[in-house]
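A short worksheet on the structure shown next.
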There are 2 protein chains.
Amino acid sequence: MPDKFRGNLLALAVMVCLYERPMHPYEIVLTLRQRHKEESVRLNYGSLYAVIASLLKRGLVAVVGVERQGRLPERTVYCLTDSGKEEVHQWMADLISTPTREYPSLAVALTFLPVLSPDEALRLLKERALSLETRLVQGQASLQWVQRHGLPRLLWIEAEFLLRLTEAELQYVRELIGEIEAGTLEGTDFWKALHESQELSLGIILSEKAQYPEETGIRAGGQGTAPRKRTRHG
Amino acid sequence: MPDKFRGNLLALAVMVCLYERPMHPYEIVLTLRQRHKEESVRLNYGSLYAVIASLLKRGLVAVVGVERQGRLPERTVYCLTDSGKEEVHQWMADLISTPTREYPSLAVALTFLPVLSPDEALRLLKERALSLETRLVQGQASLQWVQRHGLPRLLWIEAEFLLRLTEAELQYVRELIGEIEAGTLEGTDFWKALHESQELSLGIILSEKAQYPEETGIRAGGQGTAPRKRTRHG
DNA sequence: TTCAGGGTATTCTATTTAGAGTACTCTGAA
DNA sequence: TTCAGAGTACTCTAAATAGAATACCCTGAA
């Protein structure tokens, strides 16, 4: 059970469902949906059946039987095998013990922020802040609702965690807005000048001339790519 | 330029590179790497050429020419078209203004945390906390290095942001560890009992009997799936 | 009565994706 | 001198992915 097949976390969700009892694919979807797991696991039909086929091939799930109701399509019922249970454990352990590099879309956007004008960036960041606030309020309300209805917190920690990340994001966005407005974000002057002239010489956006650390050995990532020396071509 | 094609953020990175000047694909990779953009954009050869082909097909980039050095493979040089520039703007604007649902892998893991025993979970969470601390220290050092070498902060905000998220995650993980150890995480007693008996009746992991909000209208997500009524089958 | 609208359950298909593979060049140490 | 090792530049392929499409069922309002 190498981690080569650990691509889609939906596979884990499927296996955990089958841990409970045998189900057919559509029933798995309904279960996950009903329990709001679609908020932490990306869920869609296209992947579902492919993922199950892959689990079947690898012997992690097995076919229990085939049902049929009227002339609706057949429902193949699957169960978790022993090696499936083992895989669930192993996968969970890896997932928790080892942080992986994630690529939140805002990180990409911030990377290339200078392609937008400061004014535009400011407007858009404020818009985002607003959305985040709404999301936060709704999320908190949702959490409170759940609490009032006696669902133990243990079963909602993922929602709590997601909310924390949202809070952190909002806080950062707010700080950024403040600093751009105040002009205390180092580089803002240049950024403004860039967009006041007609032609964007966007080399600067990727900091063409800037001195980047070429070989520091200091990398934020865990097991990132091997460091590379500088190269020139042409 | 609908957002149907907005799948891979590498496409955005490629276009921003070409904003600067025409390049051939491999040169784009080198540029992004040299400037440490691989830390915020998922980068690999397999996708690169496919992504560029797709941009070409949609008229967002165009072929400027083909070079060749010795008997090395040909280098096709691409440039950004006008509609490519527009698309960069539009995409950036959407990316910043509208938060999307993200699926950090820890969220999934927490969702299914009860499949592991509390002791195991605790051990693994501590391991993660350690990794996160290391990553944090390295990231901070990296940021300081950059600052000392005069790179304006504007060009490093994505790293700052990523670090913030890591901090938030670490903080949450620490709190969780504390609460599990102290037994103040509501549901822990049950969780322990579950793993002390032989057979895991894991229905509870997905909280089979629990009352979920079926139709509250309160959803954390922005434009999530339409709310669904409960269903029963079999 | 009939048919819109929503639920059930899966399949299909065009893209994407990851990562290995290929095939060449250059440098420098033994 | 020769050849390992690193870099250059792209291609290939198996697999995964998203989401539309299919095809059926049921309920209830006009």
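Just so it is clear: chains get the letters A, B, ... in the order the sequence lines come, proteins before strands, and each one is counted from 1.
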Worksheet item: What does R68(B) touch in the nucleic acid at a heavy-atom separation under 4.0 angstrom: a base, only the sugar-phosphate, or nothing?
Response: nothing
Worksheet item: Across the strands shown, which category fits V51(B) at heavy-atom distances under 4.0 angstrom: base, sugar-phosphate, nothing?
Response: sugar-phosphate
Produce the list of close N/O pairs, under 3.5 Å, pairing protein atoms with atoms of nucleotides 11-14 of chain D; give distances to one decimal.
none

Is [Y] paired with [X] through a side-chain N to carboxylate O contact shorter than 4.0 Å?
| X | Y | value |
| --- | --- | --- |
| K37(A) | E158(A) | yes |
| R164(A) | E167(B) | no |
| E169(B) | R128(B) | yes |
| E87(A) | R6(A) | yes |
| E102(A) | R42(B) | no |

Please tabulate the protein-to-nucleotide N/O contacts below 3.5 Å involving nucleotides 22-26 of chain C, giving atom names and distances.
none

State which of [options] makes the closest approach to the side chain of [X].
| X | options | answer |
| --- | --- | --- |
| R42(B) | dA18(D), dT10(C), dA18(C) | dA18(C) |
| S54(A) | dA16(D), dT10(C), dA18(C) | dA16(D) |
| N44(B) | dT15(C), dT8(C), dA18(C) | dA18(C) |

Send over the distance from [X] [atom1] to [N] [atom2], rounded to a whole Å.
| X | N | atom1 | atom2 | value |
| --- | --- | --- | --- | --- |
| R75(A) | dC24(D) | CZ | C1' | 13 Å |
| Y26(B) | dA6(D) | OH | C1' | 10 Å |
| N8(A) | dT17(C) | CG | P | 14 Å |
| L48(A) | dT10(C) | CG | C1' | 10 Å |
| L32(A) | dA9(C) | CG | P | 15 Å |
| L55(A) | dA15(D) | CG | C1' | 14 Å |
| L10(B) | dT15(C) | CG | P | 19 Å |
| M23(A) | dT10(C) | CE | P | 13 Å |

Worksheet item: Any side-chain N or O of S47(A) less than 4.0 Å from the OP1 or OP2 oxygen of dA18(D)?
Response: yes
Worksheet item: Does the side chain of V77(B) come within less than 4.5 Å of V63(B)'s, by heavy atoms?
Response: no
Fill in: Distance-only polar pair, side chains of E160(A) and Y172(B), donor-acceptor under 3.5 Å
yes
Practice prompt. Measure from the side-chain N and O atoms of R135(A) to the backbone N and O of L163(A), and report whether any donor-acceptor pair falls under 3.5 Å.
Written response: no
Practice prompt. Could you go through the side-chain contact (heavy atoms from CB on, under 4.5 Å) check for E120(A) and M92(B) one step at a time?
Written response: CA-CA 10 Å; E120(A) 218 178 341; M92(B) 281 293 295; over 6 Å; no
